[in-house]
Amino acid sequence: MKELLVFMLFVLLNYPSFGNEPLPLINESNEIKDLYSDIINDGNLSINYEETKYADILGKTRDRWNSPRKFSYYYKYRTTDEGILLNIDVNASIELKLSHTLYFPRKLSDNFLENPLAPYLLDKVAISLDNRPLILLDHLVSKFRIEGIKLKNKSEITKTFLSNCINDQINKYVKDVTNLIGQNYHLLDKTTSSGRSRLVDRKSFFGNLYKLDNLKLHKFKHHEKVQSLLGQPNYLNAKFYYVYNYNRSNHFSKSGNLINSTVYKGEEKHGE
């Protein structure tokens, strides 16, 4: 069963300028294509351009999903003075297919990799391509209980009713995990001033995104339920996408003008 989860990355800003001219194009677009090749190939990217006039850079995410899920369930109920009290035990599986849409404030070139915002947006794609949130979601839906459902009478317990209850709970899990990804997008915005400054320790930043401390930081409500998972080999060795040492440092004056740009080449693409 496949779920379609679409991440739409918006960058809305009053586009920084170099004097009265737009920011210069990135000259090392071939290097970016090589370094970010796995992200570009696996990210299922769509590119859009929007003319915007916002005072700041904003990073936003949106998601949607459809198609049925595969699950089995067992339910029990008991009669009380107030009616029926229902519990449902569920085993479910879900397979996500990720799709990303990158929104640039304007088209500077036919090659989106020449846009100075490209590495920043591709770093956001790396955050959601990380396999660990998918493992978290799989763990949450693989076995769960919906308990304490209050009904007036037994006749309300139908296959449709039970399926709706289960799908609603799976939707909540999906929403919680996608919100966690969105929080990590915002953490990247905060750490890099929305792409304006270097991400100094890339390995630590991306490596820590889905560790326990960060789950707590973002108030991920299921952190206790998944805590035992975080130390298991499949989670510790999960593939996560990040460019190991690409540091294109854009330095801006207070007026938003580009002062200088430096490129640091790296060889590794993924964490250990």
Side-chain angles (χ1 to χ4, degrees), residues 1-8 60-99 127-187 208-236 238 240:
M1 226 56 63
K2 290 189 176 181
E3 295 281 330
L4 177 63
L5 185 58
V6 180
F7 291 92
M8 309 185 78
K60 295 183 179 180
T61 64
R62 293 181 182 177
D63 60 82
R64 68 174 182 269
W65 53 91
N66 52 37
S67 82
R69 295 79 184 269
K70 182 179 181 180
F71 53 78
S72 60
Y73 60 87
Y74 173 79
Y75 70 90
K76 295 188 295 185
Y77 67 90
R78 60 186 178 88
T79 303
T80 69
D81 293 338
E82 298 178 354
I84 300 294
L85 205 58
L86 172 69
N87 294 336
I88 312 172
D89 289 295
V90 184
N91 299 103
S93 61
I94 184 171
E95 183 179 348
L96 294 178
K97 181 180 179 182
L98 297 178
S99 178
I127 289 172
S128 47
L129 273 183
D130 192 310
N131 283 181
R132 289 173 294 178
L134 302 186
I135 296 173
L136 288 174
L137 181 59
D138 182 69
H139 182 79
L140 291 171
V141 305
S142 63
K143 184 178 181 180
F144 63 92
R145 169 175 286 188
I146 308 169
E147 57 185 353
I149 303 171
K150 295 179 181 180
L151 303 172
K152 291 183 179 180
N153 54 66
K154 180 184 174 182
S155 63
E156 295 180 61
I157 307 175
T158 64
K159 184 177 180 180
T160 298
F161 175 80
L162 293 169
S163 294
N164 287 340
C165 289
I166 294 167
N167 276 308
D168 285 347
Q169 183 57 51
I170 292 175
N171 283 346
K172 290 177 182 178
Y173 285 139
V174 173
K175 183 177 180 181
D176 291 339
V177 172
T178 55
N179 284 344
L180 175 63
I181 292 171
Q183 289 291 331
N184 282 328
Y185 284 166
H186 292 308
L187 182 61
N208 291 333
L209 288 177
Y210 299 101
K211 290 185 178 180
L212 182 60
D213 285 347
N214 209 42
L215 300 187
K216 291 181 177 179
L217 173 67
H218 297 318
K219 296 180 172 57
F220 183 62
K221 63 178 68 174
H222 311 292
H223 69 83
E224 291 184 355
K225 184 174 181 179
V226 302
Q227 189 165 349
S228 62
L229 169 71
L230 305 184
Q232 294 180 10
N234 67 319
Y235 195 82
L236 294 174
F240 54 102

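These values consider heavy atoms only, across backbone and side chains, with no hydrogens, waters or symmetry-generated copies. Quick caveat: nothing in here was measured; it's all calculated off a predicted structure.
With hydrogens and angles disregarded, no donor-acceptor distance shorter than 3.5 Å links the side chain of N153 to the backbone of G83.
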Next on the checklist: Could you walk me through whether R132 and D130 satisfy the salt bridge (charged side-chain N to carboxylate O under 4.0 Å, His left out) test, starting with their C-alpha distance in whole Å, then the side-chain angles of each, then the deciding distance to 0.1 Å, before giving a yes or no?
Outcome noted: CA-CA 6 Å; R132 289 173 294 178; D130 192 310; 2.7 Å; yes
Item to check | side-chain contact (heavy atoms from CB on, under 4.5 Å) between I181 and N184, intermediate numbers included | outcome: CA-CA 5 Å; I181 292 171; N184 282 328; 5.7 Å; no
Checklist entry - Run the side-chain contact (heavy atoms from CB on, under 4.5 Å) check on N208 and D213 step by step: do they pass? => result CA-CA 8 Å; N208 291 333; D213 285 347; over 6 Å; no
Checklist entry - After noting the C-alpha distance and the side-chain angles of F71 and V141, does the key distance pass the side-chain contact (heavy atoms from CB on, under 4.5 Å) rule? => result CA-CA 9 Å; F71 53 78; V141 305; over 6 Å; no
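Annotation: the span from N167 atom CG to T160 atom OG1 amounts to 11.0 Å, rounded to 0.5 Å. Taking NZ from K216 and NZ from K211, the interatomic distance works out to 14.0 Å, rounded to the nearest 0.5 Å. A distance of 11.5 Å separates CD in Q183 from CD1 in I127, rounded to the nearest 0.5 Å. Note that the CG atom of L151 and the CD1 atom of I84 stand 7.0 Å from one another [nearest 0.5 Å]. Atom-to-atom distance recorded for I135:CD1 and H139:NE2 is 11.0 Å, nearest 0.5 angstrom. Rounding to the nearest 0.5 Å places NZ of K150 at 13.0 Å from NZ of K152.
The shortest heavy-atom contact between L236 and G231 is CD1-O, 3.3 Å. Closest heavy-atom contact between I149 and C165: CD1-SG, 4.1 Å. Between A238 and N131, the shortest heavy-atom contact is CB-CB, 4.1 Å.
Heavy-atom neighbours of K154 NZ from other residues, nucleotides or ligands within 6.0 Å: at or below the threshold of 12. Heavy-atom contacts from other residues, nucleotides or ligands closer than 6.0 Å to OH of Y75 number 12 or fewer. By the 6.0 Å contact criterion, CD on E156 is enclosed, its count of non-hydrogen atoms from other residues, nucleotides or ligands being greater than 12.
The shortest distance between side-chain heavy atoms of L86 and L162 falls below 4.5 Å. Considering only heavy atoms from C-beta on, H223 comes within 4.5 Å of L212 through its side chain. In this structure the side chain of V226 reaches within 4.5 angstrom of the side chain of L136, judged on heavy atoms. Annotation: side chain of D176 is not in contact with side chain of L180 (no heavy-atom distance under 4.5 Å). The closest side-chain heavy-atom distance from D138 to Y173 is not below 4.5 Å.
With sequence neighbours excluded, no residue satisfies side chain to side chain donor-acceptor pair (under 3.5 Å) with Y73.
Among the candidates N91, I88, V90, the single residue satisfying the side chain to side chain contact (heavy atoms under 4.5 Å, CB included) test with F144 is V90.
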